[in-house]
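Each ligand, and each atom within it, is numbered from 1 in the order the structure gives. Below, all heavy atoms of this structure are taken into account, side chains as well, without hydrogens, waters or symmetry copies.
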Amino acid sequence: MFAEVVESAGFGQIIPPMFEDLGVFLRLGEATDIVTKEMYDFEDKGGRRVALRPEMTAGVVRAFVQHRPLLPWKAWYAGPNFRYEKAQQGRYRQFDQVGVEVLGVDDPHLDAEVISLAWDFYGRLGLRQVRLVVNSLGEPQDRSRYVDALRVYFSQDLAALSPESRQTLERNPLRVLDSKREQDAPLVAAAPVISDFYSADAAEHFARVLAGLDHLAIPYEVRPSLVRGLDYYRKTTFEFIGAALESSQNAVGGGGRYDGLVEDLGGPSTPGIGFALGVDRTLLECDAEGVFGAPANPVSVFVVDVTGGAEALTLTHDLRAAGIASDRAYEGRSMKSQMKAADRSGATFAIIIGGDELASGAVTVRPLAGQVGDDRTQSTIPRTELIPMLKRVLPS
Ligand code: AMP
C-alpha cells in the first residue's frame with residue numbers, strides 16, 4: 001500500500017545496501033546518538049570498517065552522489081535498519097522502515113507534499129489517531145545561533161538540570177529539549193524558542209509549508225521543541241505521533257529537510273527532504289486502533305478436498321498458474337474443520353471436492369460469509385468451467 005501511495009506521486013524504488021562503509025554514516029554527525037552510541041559497526045576480514053545501516057537516508061544520499069540521477073530525484077525504500085538500543089516495546093535492535101527521499105527541490109510545496117504522502121498512507125491504513133507535529137530548525141546559521149543560545153541558557157542553571165541532560169548539553173544542546181525527565185521540565189519549558197532565530201528566508205519557507213498543509217486540510221501542531229534525533233535536519237522537521245505507545249517511543253514516523261547532507265557526502269550542494277515511517281510501531285498503532293481485522297493477504301479461493309487431498313494439490317496448482325490466489329487445508333481434515341479454515345482465510349469462495357464431485361469431474365463453489373453480499377447459494381459445475389467462471393466473477 002505504501003508503494004501505491006508513493007508511486008502515484010512519481011517515486012521510484014531504491015534498495016540501499018544493508019551495510020556501508022562506516023564513513024557514510026559518520027557523516028550523519030558526531031552529535032547524533034544513532035551514530036555515536038547506536039551503530040553496529042565492525043571490521044570485515046579485509047580490515048574495512050563497515051556498519052549495518054541505522055537508517056536509510058545516508059545510503060540513499062551516498063547512492064545519489066555516486067550515480068547522479070536527473071533532478072528532481074524521488075526515491076522510496078523499505079527494509080530493515082539496525083540500532084544498538086535497549087530493546088522494549090516499540091524499540092528494537094532490528095526494525096523496519098518505509099520512507100521517501102526527494103533531492104534537488106527547495107520548494108516549500110514539496111515539504112507539504114511529502115508530509116501529505118505519509119499522512120495519506122496512515123489514512124489509507126485506517127489509522128485515525130495519528131497526529132502530525134511540525135517545526136522548522138531554520139537555516140544552518142539560525143540553527144547554530146539557537147544552539148549557542150541554548151547552551152548559554154542551560155549553562156546558567158546547570159544545577160537544575162538532570163545529570164543525563166547535563167551530559168547531553170555538552171554533546172548536543174538541542175537534544176536537551178527532548179528530555180522527558182520531570183526534573184528538566186521547568187527549564188525546558190522556559191527555554192529560548194527557535195522561531196526567534198529564523199532568518200527571513202527560513203521564516204517564509206516555514207510559513208509556506210504550513211499554508212500548504214492548510215490547503216490540504218491536514219491538521220498539525222507546531223511544536224518548537226521538536227528537534228529530532230539526527231543532526232542533519234535543516235528547516236522543516238516533522239513527526240507523526242501515535243496514540244498507542246508510551247511517550248518515549250510514540251513517534252510512528254518522522255522526517256525533514258537535510259539541505260546540507262549531499263554536500264557532506266561529497267556531492268554538489270543539493271536540497272533534500274524525506275521521511276521514514278517505523279513499520280513495527282505503525283503495526284502496534286494499527287493493533288491499538290483495531291484496524292486490520294481482516295487477513296492482510298486473503299486468497300481468492302480456498303479448496304476444501306474431502307477425498308484425500310490429492311485433488312486439492314492439483315487444483316490449487318492449476319488455480320495459481322491461472323493467476324487465482326488459492327489456499328487449502330492439509331492432513332486430510334474433516335469437512336467441518338476445512339470449512340472453518342476456509343472462513344478464516346478471507347477467501348471469496350470455497351471450492352469443495354467431495355466423493356460425488358470427484359466421480360463426476362465437478363466442483364462445488366460456495367460463496368463464503370461476508371464476501372459476496374448475502375447470496376450464499378452454492379452451485380456445482382464441471383471442473384473445466386471453474387477457472388473461466390472464477391476469472392469472470394473475481395475482481396481482477
Ligand atoms: P528516525 O530514523 O530515528 O527518525 O526514526 C523514524 C521512525 O522509525 C521512528 O518514528 C520510529 O517509528 C521508527 N524507529 C526508529 N528507531 C526504532 C527502533 N529502535 N525500533 C522500532 N522503530 C524504530
Under 3.5 Å between any N/O of Gly253 and any N/O of ligand 1: does that happen in this structure? yes
May I ask you to check whether Tyr40 and Tyr84 place their ring centers less than 6.0 Å from one another? yes
Option of least heavy-atom distance to atom 21 (C) of ligand 1 (set: Gly90, Gly274, Pro54, Gly278): Gly90
Mind checking side chain to side chain contact (heavy atoms under 4.5 Å, CB included) for Ser326 and listing every partner two or more places apart, or none if nothing turns up? Val301, Thr316, Leu319, Arg320
Report the part of Arg83 in contact with ligand 1, treating N, CA, C, O as backbone and CB onward as side chain, heavy atoms under 4.0 Å; options are side chain, backbone, both, neither. side chain
Side chain of Glu285, backbone of Ala243: donor and acceptor closer than 3.5 Å? yes
Is the centre of the Phe240 ring less than 6.0 Å from the centre of the Tyr122 ring? yes
Ala276 heavy atoms within 4.0 Å reach ligand 1 at atoms 6 (C), 7 (C)
Determine the interplanar angle of the Trp76 and Phe2 rings, folded into 0 to 90°, and report it as parallel if under 30°, tilted if 30 to 60°, perpendicular if over 60°. perpendicular
For Glu85, atoms of ligand 1 separated by under 4.0 Å from a heavy atom: 16 (N), 18 (C), 19 (N)
Using non-hydrogen atoms of the residue, decide whether Asp280 is closer than 4.0 angstrom to ligand 1. no
Sorted by chain and number, sequence neighbours left out, side chain to side chain contact (heavy atoms under 4.5 Å, CB included) with Leu284 holds for Gln89, Tyr92, Leu245
Residue portion contacting ligand 1 (non-hydrogen atoms closer than 4.0 Å) for Gln97: side chain
Mark up the atoms of ligand 1 that fall under 4.0 Å of a heavy atom belonging to Ala251, in ascending order. 9 (C), 10 (O), 11 (C), 12 (O)
For ligand 1, which atoms sit closer than 4.0 Å to a heavy atom of Phe95? 14 (N), 15 (C), 16 (N), 17 (C), 18 (C), 19 (N), 20 (N), 21 (C), 22 (N), 23 (C)
Under 4.0 Å from any heavy atom of Val252, which atoms of ligand 1 are there? 10 (O), 12 (O)
Any sub-3.5 Å donor-acceptor pair from Glu204's side-chain atoms to Asp201's backbone N or O? no
